[in-house]
Amino acid sequence: MRLGALLVATLFVVGSPLAWADSVPMVVGGSRVRVEDYPFAVYLVDRSGFQFCGGSLVGADKVVTAAHCVSGRSTANAWVVWDREDKLGTDGVVAGVRDIWVHPRFTSSMRGYDVSVVTLSTRLPGPYVPLAAPQDTALYAPNTMATILGWGAVSSSGSASRYLVKGTVPITTDAACRAAYGQTYLSTAMVCAGYQNGGVDTCQGDSGGPLISGGRLIGDTSWGRGCAMAGYPGVYGRLATYYDAIEAQVNPEMSAVPTRR
Ligand code: ARG
């Protein structure tokens with residue numbers, strides 16, 4: 001009798017992932033999309049091939065990701081995978097990393113400045129995603145629907161996704177984010193997105209990946225309490241704040257201080 005119950009329980013646990021294969025929500029609460037439709041969405045792997053973060057292609061050889069993804073990491077232990085929807089596939093390009101710039105004021109994601117620009121040793125075709133500029137404040141307006149993308153975990157305790165997943169989340173008010181995270185939420189350095197009741201969110205492994213609003217890259221996945229929890233939205237780096245610093249890395253020749261003749 002007890003053995004029978006155990007067997008039924010085992011069958012249920014082992015059998016369920018197969019039964020769920022088409023209905024399991026991903027990012028958390030998202031769904032699969034084709035990488036062709038989001039050609040700027042890339043992911044980072046280490047020398048063992050492990051996908052540890054996401055990123056956004058903003059130029060032929062420039063990827064915006066989170067500082068906490070690459071801070072202290074050697075360029076020899078990071079690759080950027082482009083145009084590969086299925087992590088177990090061989091599509092696309094695995095580009096080496098030539099340089100890693102981490103915002104000089106970064107210490108930890110919960111203190112802001114969680115942004116980095118990775119320079120590739122290969123140039124990749126576009127389209128790239130345009131960066132939100134300081135005047136693009138409307139893109140951050142509360143309740144604006146934003147897109148999150150990644151190959152990260154599909155639940156707080158779950159494993160990473162094999163495929164690219166997209167979710168849609170509203171930008172929250174500063175008050176909602178402060179209600180969740182108190183003084184840790186820095187409104188100039190961060191932006192929160194998620195439903196009051198949770199359900200859709202980025203999660204572990206999505207870090208560094210894009211938050212898109214109005215066709216522009218407005219944020220990079222940074223941190224949050226759990227994933228998709230009611231009352232605890234995801235926190236993203238507010239990239240418009242770091243526009244000049246990022247642009248100086250992406251287009252150094254255009255950002256150089258003009259010399260007087
Ligand atoms: N820090 C995580 C990472 O490194 C991202 C967490 C995002 N969490 C959230 N609840 N939105 O992948």
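In this chain, residues are counted from 1 in sequence order. First listed ligand is number 1; within each ligand, the first listed atom is number 1.
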Worksheet item: Side chains of Ile171 and Val191: does their closest heavy-atom pair fall under 4.5 Å?
Response: yes
Worksheet item: Is there side-chain contact between Phe106 and Asp114, with at least one heavy-atom pair below 4.5 Å?
Response: yes
Discussion item. Would you compute the distance between atom OH of Tyr236 and atom CG of Asp206 and round it to the nearest 0.5 angstrom?
Written reply: 7.5 Å
Item to complete: Keeping to residues at least two apart or across chains, list the salt bridge (charged side-chain N to carboxylate O under 4.0 Å, His left out) pairs with something in residues 35-54.
Response: Arg34-Asp37
Item to complete: Write down, by chain and number, every protein residue that brings a non-hydrogen atom to less than 4.0 Å from an atom of ligand 1.
Response: His68, Asp201, Thr202, Cys203, Gln204, Gly205, Asp206, Ser207, Thr221, Ser222, Trp223, Gly224, Gly226, Cys227, Gly234
Response to the item:
Here the gap from Thr119 atom OG1 to Asp99 atom CG, rounded to the nearest 0.5 Å, amounts to 5.0 Å
Fill in: Side chain to side chain, Tyr195 and Pro170, heavy atoms closer than 4.5 Å
yes
